[in-house]
Amino acid sequence: QVQLVESGGGLVQPGGSLRLSCAPSGYTFDHYAMGWFRQAPGKERVFLATISRSGGTTSYGASVKGRFTISRDNVKNTAYLQMNSLNPEDTGVYYCAATIKNLGLSSDEYDYWGQGTQVTVSS
């Protein structure tokens, strides 16, 4: 059974940082590219970042480029999203996902999803 479990969300002040983790199980981790998405209340799910199976290639959405960094550790079977310079518009539920493609830039390319972790940016 495939499971993706996100952690690391919480409440942070504007300008602060958080690091999200995603720990999948039930499949061979380095056979899948990973991605992160955000869904704000009443809005569609938005692509944030993706990383290839080896970790050698990354791509970012325009709203987070330069502030967020995606990474993965294929020994620890964990993907990460380092988020810096957070602002209130970054508030939402953050999801990690896995795709058999080498990279995934849209939600319909992903095969497996986590349950999400809430991030709230507020003073």
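What you see below is based on every heavy atom in this structure, not just the backbone, and it leaves out hydrogens, waters and symmetry mates.
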Is there a side chain to side chain contact (heavy atoms under 4.5 Å, CB included) between L4 and Y27 once you walk through the steps? CA-CA 10 Å; L4 284 72; Y27 68 89; 4.2 Å; yes
Starting from the C-alpha separation in whole Å, work towards a yes-or-no answer on side chain to side chain contact (heavy atoms under 4.5 Å, CB included) for C22 and W36. CA-CA 9 Å; C22 175; W36 287 93; 3.7 Å; yes
Give the intermediate values and the outcome of side chain to side chain contact (heavy atoms under 4.5 Å, CB included) for residues F68 and N84. CA-CA 6 Å; F68 290 12; N84 298 329; 5.9 Å; no
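With a 4.5 Å cut-off on side-chain heavy atoms, E44 and V46 do not count as touching. Considering only heavy atoms from C-beta on, F47 stays 4.5 Å or farther from S107 through its side chain. Side-chain contact between L81 and L48 is present, with at least one heavy-atom pair separated by less than 4.5 Å. Counting only heavy atoms from C-beta outward, the side chains of N87 and P14 never approach each other to under 4.5 Å.
In terms of heavy-atom proximity, A49 sits nearest to Y60 at CB-CD2, 3.6 Å. Summarising the geometry of L105 relative to S59, their closest heavy-atom pair is CD2-OG, 3.7 Å, with the distance given to 0.1 Å. Shown here for L20 and V119, the closest heavy-atom pair between the two residues is CD2-CG2, 4.1 Å. Listed here is the closest heavy atom pair of E6 and G116: OE1-N, 2.9 Å.
Between the CG atom of N74 and the NE2 atom of H31 there is a distance of 10.0 Å, given to the nearest 0.5 Å.
Listed by first and then second residue, the salt bridge (Lys or Arg N to Asp or Glu O under 4.0 Å) pairs involving residues 71-91 are R38-D90, R67-D90 (not counting sequence neighbours). Counting only residues at least two apart or in different chains, salt bridge (Lys or Arg N to Asp or Glu O under 4.0 Å) contacts with residues 102-123 are absent.
More than 12 heavy atoms of other residues, nucleotides or ligands lie within 6.0 Å of CD in Q118, so this atom counts as buried by the packing criterion.
Defined by atom type and a distance below 3.5 Å, a donor-acceptor pair is missing between the side-chain atoms of Y32 and S52.
A cation-pi geometry, defined here as NZ or CZ lying under 6.0 Å from the six-membered ring centre and within 45° of its normal, does not hold between R45 and F37.
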